[in-house]
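Everything quoted here is computed from the prediction, not taken from an experiment.
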Amino acid sequence: MLRSGRLWSTVGHWSKHVQPTMCLITNPKRELRTTQATHTPSNINDALVDLFDKPAVRVTGQPTGLLNIPELATATGFQAIGKRSLEFCQQCVHAMLTKGSFANTSDPLHLLDNISNSLCRVLDLASFIRLNHPDAAFKDEATRQLDELGTFMNQLNTSRELYTTLKDHAESESFRLNANEEAQRSAANLIHDFEASGVMLQDQAEADKMVGLYRNIDHARFDVEIAAAQPGATVEITPGQFASSFALPPDTPHEVLAQKLSFFRDGAVFTKQNNILTSSRGALVLHMMHRSVNPGVRKQMQQYYYYNPDMRDKLFQLVMHHGELSDTIGCATPGDKLLKETMLGNSGQVSLFLNQVSESLRPRAMEQKTYVESMFTTHLGEPIKLGSADVPFYVSRMNTAAGLNSDYYMSVGTALAGIDLITRKLFGISFQPAQPNPGEVWAPDVRKLMVIHETEGHIGDVYCDLFDRPMKKSHPCHYTLQSGRRVGQDEAGNVGQKPIVALVCGFQSSSIPLSSITTLFHEFGHAVHSLLSLTDFQNLSGTRGQLDYAELPSTLMEKFLLDFRVVSQFASSNNRATSEEAHAAFVQQQQQLQHLNLYEDLLLASIVDQTLFSQKFNSPEHMDEVVLAKVKEHSLFEDAPVHVHHRLAHVVDYPATYYSYVWCRGLANLLWNTHFEQDPLSRETGDRYRKYVLSKGASRDPWDIVTDFLGFRPTVEQLAKAAAQ
């Protein structure tokens with residue numbers, strides 16, 4: 001769960017934190033098969049290709065309001081929808097606390113879900129708008145609603161009267177005998193959330209303190225999000241350092257360097273002394289970290305790239321607020337509180353899992369590191385010892401020698417057409433372009449897709465904000481703007497609702513590399529989970545469940561992109577993946593060092609995350625010292641990045657649960673190996689996956705969901721081995 005209580009739960013799922021890519025082509029002399037498709041496959045949706053590969057069509061006219069909400073034709077409309085939600089929730093609270101006022105579907109459980117749904121429809125949208133809308137007025141009004149309704153939500157979470165009413169209902173004989181599994185799970189989850197919010201505290205002053213603590217956490221989360229998105233400090237680069245990134249001599253004429261600098265769009269400028277001022281986290285620093293022929297420059301750029309004192313300070317405040325909350329409710333550490341609802345359940349089990357993954361993965365990662373050192377020693381004619389900042393540089397040189405351009409794999413439109421083909425074959429759903437109404441979207445390049453099932457009709461909508469623009473915070477992310485549910489009433493008396501999701505990326509153009517296509521598939525895996533969830537309660541819909549389960553569908557979706565039997569059905573002649581050997585080369589390039597990447601990126605970040613939320617720190621500097629010691633203990637590189645946690649922005653939504661990416665890698669590999677690998681586009685398998693996994697959302701224990709689909713309950717050891725494969 002990404003927010004403080006199930007009355008307001010999952011808002012966004014971010015794509016995996018990615019450090020600078022380490023990838024390698026092992027045979028630079030390998031010749032790719034020249035036979036390629038000369039036409040676009042007939043079974044792909046050409047309309048999707050055109051929608052994303054051509055400029056967006058601008059729509060003019062009288063604004064209908066964001067997401068067709070009339071009040072949101074202007075920023076101040078947030079006040080109106082916030083007020084309407086507040087009044088509706090107060091009516092539901094009154095109904096819950098008035099004896100004999102509820103009957104049939106208006107029992108306490110459904111009334112609480114109506115409250116949750118009403119709050120989520122405003123808070124989820126406001127959280128999204130605060131981060132992604134280009135208009136400051138909309139951001140400000142969204143922030144105001146997050147504060148006002150968020151405080152109200154936290155007050156409800158500490159209401160002893162609501163808690164007692166729900167608990168009495170859940171313990172009644174009628175409920176125990178007649179309620180289905182989903183209702184019982186919803187009740188148990190809500191009761192747990194009340195208790196985790198401190199509802200059992202003895203007096204109002206303590207309850208008010210809890211509300212304040214949750215509010216502090218929400219504010220700190222936002223501060224971390226903002227700090228993570230900032231360009232970083234201004235750093236100064238000498239002409240010689242810059243020249244080294246193009247293998248040019250230090251005395252290269254200024255005119256030549258000026259031409260090279262013009263390729264970068266991050267505001268880099270020359271000083272009067274011909275030095276370069278640029279952002280420490282911009283494209284120029286990243287380019288030099290990957291391309292400079294000077295190892296000292298590469299290391300310095302790495303230090304620039306990772307060091308972010310503002311992010312460090314904001315992260316420290318977030319960790320401290322989580323610590324204050326855990327102290328108040330009697331948990332030894334923040335991790336103890338945050339892990340209670342996960343599949344693994346506690347920090348001990350998480351540590352056991354990560355240790356088992358490390359035992360299996362570390363020897364393979366070390367073997368790959370040694371192999372690369374040996375290979376580059378042979379290639380360059382002199383012994384080398386890889387540092388943490390060196391691998392991308394050497395890999396880039398080898399890929400260049402191999403004649404393989406890793407900057408382009410296929411177009412965004414082709415990738416979307418491929419996702420459409422996969423979901424049509426597996427589930428019978430397609431993504432159809434829809435023209436947004438004036439004012440419906442927050443930026444002119446946002447595309448809208450209607451999700452159509454072959455027999456069920458229109459089942460939801462997806463807004464795709466995939467391309468970069470000035471000032472955009474482009475972390476790849478899936479946002480639930482409105483959860484689906486089969487029953488329940490909203491403020492207007494409408495029963496049930498269709499899911500609405502938004503996908504955000506920051507692609508520079510419609511032609512993108514395999515790593516970016518993988519990110520797109522990952523985010524659409526989240527979207528499919530949200531869209532195909534069929535639950536009565538919105539607080540159990542789609543991705544609103546345990547974090548170490550929610551990443552399963554998105555991670556599994558990535559597997560389809562690695563199978564040429566799938567890719568060959570949608571790759572066209574203008575893409576780089578039109579032959580089996582070409583596709584294999586790109587996959588090999590991305591996966592050649594997968595064990596080293598997995599160990600140094602996801603596993604190490606998971607260990608750092610556990611460290612942040614398993615102990616107390618005296619100061620930001622003390623936090624840096626403890627994290628650095630942990631990194632040095634586990635990293636394969638003697639010069640591992642000192643401030644790796646300064647870029648770990650996922651702690652906003654994944655505090656103490658970043659291991660979820662490693663855990664769900666194991667789950668996804670098990671599902672793929674046992675059910676999808678033999679025939680990845682089998683409709684029978686797709687229907688089974690929808691029935692037993694996707695449709696359940698969070699309405700069942702994820703262990704039961706996984707067990708029913710696999711036919712057996714995997715052990716932690718099995719999942720650790722699968723994660724390391």
Side-chain angles (χ1 to χ4, degrees), residues 1 16-17 192 196 319 322-323 326 330-366 545-552 555-556 594-616 626-627 629-636 640 644-645 648 650-651 653-674 701-707 709-710 712-725:
M1 189 170 60
K16 294 187 289 295
H17 165 74
H192 173 273
V319 171
H322 274 292
S326 63
C331 291
T333 68
D336 290 334
K337 174 186 181 299
L338 293 163
L339 290 167
K340 280 185 177 180
E341 286 190 276
T342 61
M343 291 183 72
L344 283 174
N346 58 68
S347 57
Q349 284 295 302
V350 173
S351 295
L352 174 64
F353 168 70
L354 292 177
N355 287 337
Q356 290 178 341
V357 175
S358 179
E359 289 175 5
S360 178
L361 191 61
R362 187 180 177 93
R364 301 183 212 178
M366 180 61 79
Q546 286 91 331
L547 286 177
D548 56 359
Y549 170 70
E551 289 296 329
L552 168 58
T555 305
L556 181 64
Q594 64 172 326
H595 296 127
L596 183 57
N597 279 325
L598 178 60
Y599 187 91
E600 288 292 322
D601 184 5
L602 291 183
L603 184 64
L604 191 57
S606 299
I607 293 171
V608 168
D609 174 52
Q610 289 298 304
T611 302
L612 289 172
F613 292 95
S614 65
Q615 54 189 287
K616 296 181 179 180
V626 173
V627 170
K630 186 64 67 172
V631 169
K632 286 185 173 296
E633 176 186 349
H634 290 277
S635 177
L636 301 179
V644 62
H645 55 301
L648 195 62
H650 281 69
V651 295
D653 289 326
Y654 290 75
T657 51
Y658 191 77
Y659 75 89
S660 300
Y661 287 112
V662 185
W663 176 256
C664 287
R665 175 185 167 92
L667 287 171
N669 284 340
L670 271 185
L671 266 64
W672 180 268
N673 295 341
T674 57
D701 187 312
W703 279 111
D704 294 337
I705 292 175
V706 170
T707 299
F709 183 79
L710 288 175
F712 65 94
R713 181 184 173 111
T715 65
V716 172
E717 183 178 6
Q718 285 176 314
L719 288 167
K721 289 181 178 179
Q725 77 176 43

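- Within the 4.5 Å cutoff, side-chain heavy atoms of Val706 are placed close to those of Pro714.
- The distance from the NE2 atom of His595 to the CE atom of Met366 is 14.5 Å, given to the nearest 0.5 Å.
- Interatomic distance, CD of Glu341 versus OG1 of Thr657, reported as 11.0 Å (0.5 Å rounding).
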side-chain hydrogen bond (donor to acceptor under 3.5 Å, both in side chains) assessment of Asp548 paired with Tyr659: CA-CA 7 Å; Asp548 56 359; Tyr659 75 89; 2.6 Å; yes
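- A donor-acceptor contact shorter than 3.5 Å is absent between the side chain of Ser635 and the backbone of Val631.
- With contacts defined as side-chain heavy-atom distances shorter than 4.5 Å, the pair Tyr658/Leu602 qualifies.
- Remark: Gln615 engages no residue in a side chain to side chain donor-acceptor pair (under 3.5 Å) (not counting sequence neighbours).
- One distance of note links NZ of Lys630 with CG of Leu604; it measures 10.5 Å at 0.5 Å rounding.
- Annotation for Cys664 and Thr555: closest pair O-CG2, 4.0 Å, computed over non-hydrogen atoms.
- In this structure, Arg364 and Ser360 approach most closely via the heavy-atom pair NH2-OG, 3.0 Å.
- Leu598 and Ala724 get closest at one heavy-atom pair: CD2-CA, 4.4 Å.
- With hydrogens and angles ignored, the 3.5 Å screen pairs a side-chain donor or acceptor of Trp703 with a backbone N or O of Met343.
- Proximity of Ile705 to Tyr549: side-chain heavy atoms (C-beta onward) are separated by under 4.5 Å at one or more points.
- Of the possible donor and acceptor atoms, one in the side chain of Arg665 sits under 3.5 Å from a partner among the backbone N and O of Ala723.
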Please set out all donor-acceptor pairs under 3.5 angstrom arising from side-chain atoms of residues 345-355, sequence neighbours excluded.
| residue | atom | partner | partner atom | Å |
| --- | --- | --- | --- | --- |
| Asn346 | OD1 | Gly348 | N | 3.0 |
| Asn346 | OD1 | Gln349 | N | 2.8 |
| Ser351 | OG | Ser347 | O | 3.0 |
| Asn355 | ND2 | Ser351 | O | 3.1 |

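- Contact check for Gln718 versus Phe712: side-chain heavy atoms found under the 4.5 Å cut-off.
- Here Ile607 contributes atom CD1 and Ser614 contributes atom OG; the two are 11.5 Å apart, rounded to the nearest 0.5 Å.
- Contact check for Arg362 versus Leu636: side-chain heavy atoms found under the 4.5 Å cut-off.
- No donor-acceptor pair closer than 3.5 Å links the side chain of Asp601 to the backbone N or O of Asn597.
- When all heavy atoms of Leu710 and Thr674 are compared, the pair lying nearest together is CD2-OG1, 3.4 Å.
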Take Gln725 and Asn673, measure what side chain to side chain contact (heavy atoms under 4.5 Å, CB included) needs, and give me the verdict at the end. CA-CA 11 Å; Gln725 77 176 43; Asn673 295 341; 3.2 Å; yes
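- Checked by atom type and distance alone, the side chain of Tyr599 pairs as donor or acceptor with a backbone atom of His634 at under 3.5 Å.
- Residues Asp336 and Thr333 have side chains that bring a donor and an acceptor to within less than 3.5 angstrom of each other.
- Aromatic ring pairs are classed by plane angle as parallel below 30°, tilted from 30° to 60° and perpendicular above 60°; the pair Tyr654 and His650 is tilted.
- Between Leu339 and Ala656, the shortest heavy-atom distance links the atoms CD2-O, 3.3 Å.
- Here CG of Asp609 is found 8.5 Å from OG of Ser660. Values are rounded to the nearest 0.5 Å.
- Taking NZ of Lys721 as the start and CG of Leu670 as the end, the distance is 11.5 Å to the nearest 0.5 Å.
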